[in-house]
Amino acid sequence: ISRRCLSFFLSLFNYQTEKYVVTKNSKIGILYRLYQLAVLVYIIGWVFVLNKGYQETEEAIQSSVFTKLKGVALTNSSETGLHIWGEEDYVIPPNGEQVFFVVTNYIETPNQRLGFCPESNKVPDGRCLKDSDCEKGESVIAGHGIKTGVCIKKNGTCEIRAWCPVENSLKPQKPLLAAAENFTVYIKNYIRFPKFDFSKSNVPETNEATYLKNCTYDSKRDPYCPIFRLGQLVKWAGNDFRKMATSGGTVGILIEWECDLDKDSSYCKPQYSFTSLSANKEHSVASGYNFRYAKYFKDPSGQTFRTLYKVYGIRFDIIVNGQAGQFGIIPTIIALGSGLALLGAGAFVCDMILLYMTNAGSFYRERKFEIINQKDLQKEKDSKRTRPGISKYNHCNMLHWN
């Protein structure tokens, strides 16, 4: 083994201890105190006060949502006459879920029966000039039925086997259920944070029996009432109700729970916000929201017929997020430990400035770092033994002589 390798191996067993050197350098001293002050402000103000770094947190919120709509609308069309719409008619699905759709406009095609009829000329794949353009047994792409192989030249479309007559595609230019603007929705949200075994509902705890019958949500006057007017929901989401009700759209209802469980449970309250989840461009192909459904009947002879509805409306998505926090010894220790580490980093930075960024760096290095080896200790011990002094024998003789 070479002497260099041996020296390196033995250096692994050296022990380094702190040596404190008081340096009367006002600039470095002021810099160090300012750094300490900044770290203390960060730990106390940001970590503990604003971010509550002393708390254990949980974001895995468990949530259930129940909805109930109220309101009645009257429509009067030339084809179907007067019709009263209740919540059982315009709410889809009707059983009150986290996502629900409210019908605000519709196209009705009544008395459809299975048979043969011309395809709509608005369907490109259904247009024809001769019979060979309508291959028998082929379904019409984005159409309404199956081609029979016959081209109805009068209409310029293929004959199809389908529910006839095909859908009337003239959409009303204004919402037929404009009264939906004043419909109300009751949103009941139940949440739970399993880590802390904490549960809460968004319905205010009150002894007033008629509270839910009289209140309506208002961000200033009544911010915790769980009953919302549909027109206001669309407005708060940044849309015009009449325009959205004509072609349809989507609105998001966000319920945020920020619960500090170190306080009383009454301080854990929901915060509501609203956003548009549909395209805002009026003539965009992605704008609007619609779908179709049918109601089936039987005539006295037992034949089935149906009424087809293409409904436009507003889809409401209820999105629940939340976070709960409670004091915990482990996050507190971690926050304090990180703060102490930052304070130590300040001393390290100031040392580096003194040692390597000042003209007197070599002088500081000589005072700060001192190497002591075993030979130096042995010399110190030997010098103490041989240090001149008065022996016990000479001391006793001097006492006797006196």
Side-chain angles (χ1 to χ4, degrees), residues 42-70 95-100 184-230 232-238 250-277 316-336 338-339:
Y42 166 75
I43 294 171
I44 297 172
W46 179 260
V47 175
F48 283 98
V49 177
L50 293 178
N51 285 342
K52 299 178 181 177
Y54 55 87
Q55 289 185 335
E56 294 183 33
T57 60
E58 181 181 27
E59 297 181 359
I61 185 173
Q62 297 175 348
S63 171
S64 66
V65 176
F66 165 81
T67 57
K68 183 188 293 184
L69 279 94
K70 292 289 185 181
N95 53 344
E97 296 183 1
Q98 191 163 338
V99 177
F100 61 93
T184 59
V185 56
Y186 166 51
I187 301 175
K188 185 175 182 180
N189 178 213
Y190 179 84
I191 58 102
R192 181 174 180 268
F193 293 100
K195 183 176 182 178
F196 304 115
D197 194 24
F198 176 81
S199 303
K200 192 73 186 287
S201 171
N202 69 323
V203 180
E205 298 175 1
T206 176
N207 295 325
E208 188 178 346
T210 59
Y211 172 74
L212 292 178
K213 294 183 179 180
N214 297 323
C215 81
T216 303
Y217 173 85
D218 185 275
S219 58
K220 295 181 179 179
R221 292 192 299 270
D222 202 345
Y224 303 114
C225 176
I227 298 176
F228 304 83
R229 196 168 70 88
L230 299 190
Q232 286 297 107
L233 288 177
V234 175
K235 181 180 178 181
W236 289 326
T250 308
V251 171
I253 303 172
L254 283 72
I255 306 178
E256 295 281 347
W257 292 87
E258 294 291 335
C259 298
D260 185 351
L261 302 185
D262 292 325
K263 299 178 181 180
D264 188 77
S265 61
S266 60
Y267 289 94
C268 179
K269 294 180 178 179
Q271 299 294 325
Y272 300 96
S273 59
F274 314 93
T275 183
S276 176
L277 302 177
F316 294 91
D317 289 52
I318 303 173
I319 305 167
V320 182
N321 293 311
Q323 177 177 292
Q326 192 173 44
F327 174 79
I329 189 65
I330 294 178
T332 303
I333 292 173
I334 292 174
L336 289 173
S338 62

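- Other residues, nucleotides and ligands contribute more than 12 heavy atoms inside 6.0 Å of the CG atom of L50.
- One finds the OG atom of S63 at 11.5 Å from the CD1 atom of I319 (value rounded to the nearest 0.5 Å).
- A donor-acceptor pair under 3.5 Å is absent between the side-chain atoms of T57 and the main chain of G325, judged by distance alone.
- From F196, atom CZ reaches atom CD of E56 across 6.0 Å, with rounding to the nearest 0.5 Å.
- Looking at every heavy atom in both residues, P204 comes nearest to P226 through CD-CD, 4.1 Å.
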Full working for side-chain contact (heavy atoms from CB on, under 4.5 Å) between K220 and D218
CA-CA 5 Å; K220 295 181 179 179; D218 185 275; 3.6 Å; yes
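- Within the 4.5 Å cutoff, the side chain of I191 has no heavy atoms near those of the Q62 side chain.
- Residue pairs satisfying the ring pair (Phe, Tyr, Trp, His ring centres under 6.0 Å) criterion with at least one member in residues 250-272, sequence neighbours excluded, are listed as follows: Y217-Y272, F228-Y272.
- Nearest heavy-atom pair, I253 versus L233, reported as atom, atom and distance to 0.1 Å: CD1-CD1, 3.9 Å.
- The closest donor-acceptor contact from the side chain of D264 to the backbone of S266 lies under 3.5 Å.
- Note: L261 CG to C268 SG = 6.5 Å, rounded to the nearest 0.5 Å.
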Could you go through V251 and W236, starting from their C-alpha distance and side-chain angles, then the distance that decides it, and tell me whether this counts as side-chain contact (heavy atoms from CB on, under 4.5 Å)?
CA-CA 10 Å; V251 171; W236 289 326; over 6 Å; no
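- Between the Q98 side chain and the I318 main chain, a donor and an acceptor come within less than 3.5 Å of each other.
- F193 CZ to C259 SG: the interatomic distance, rounded to the nearest 0.5 Å, is 5.0 Å.
- Within the structure, the salt bridge (Lys or Arg N to Asp or Glu O under 4.0 Å) test picks out the following pairs touching residues 251-260 (sequence neighbours left out): K52-D260.
- Counting only distance, with no hydrogens or angles, the side chain of N202 and the backbone of N189 share a donor-acceptor pair below 3.5 Å.
- Between F327 and Q55, the shortest heavy-atom distance links the atoms N-CG, 3.9 Å.
- Put simply, the side chain of Y54 does not reach to within 4.5 Å of the side chain of Q326, judged on heavy atoms.
- In terms of heavy atoms, T332 sits closest to G328 at OG1-O, 2.8 Å.
- Between the side chain of D317 and the backbone N or O of T250, no donor-acceptor pair lies under 3.5 Å.
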Please report the C-alpha distance between V185 and L230 in whole Å, then the side-chain angles of each, then the deciding distance to 0.1 Å, and finally whether the side-chain contact (heavy atoms from CB on, under 4.5 Å) criterion is met.
CA-CA 7 Å; V185 56; L230 299 190; 3.9 Å; yes
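- A donor-acceptor pair under 3.5 Å is formed between the side chain of K200 and the backbone N or O of S265.
- Across all non-hydrogen atoms, the minimal contact from I227 to L212 is CD1-O, 2.7 Å.
- Residues meeting the side-chain contact (heavy atoms from CB on, under 4.5 Å) test with K68, sequence neighbours left out: F66, K70, Y186.
- Atoms CZ and CZ, on F100 and F316 in that order, are 5.5 Å from each other to the nearest 0.5 Å.
- The minimum heavy-atom distance linking R229 with T216 is given by the pair N-CG2, 4.4 Å.
- Taking the side chain as every heavy atom from C-beta outward, I187 and I255 approach each other to under 4.5 Å.
- A 4.5 Å side-chain heavy-atom check between Y211 and D222 finds at least one atom pair inside the cut-off.
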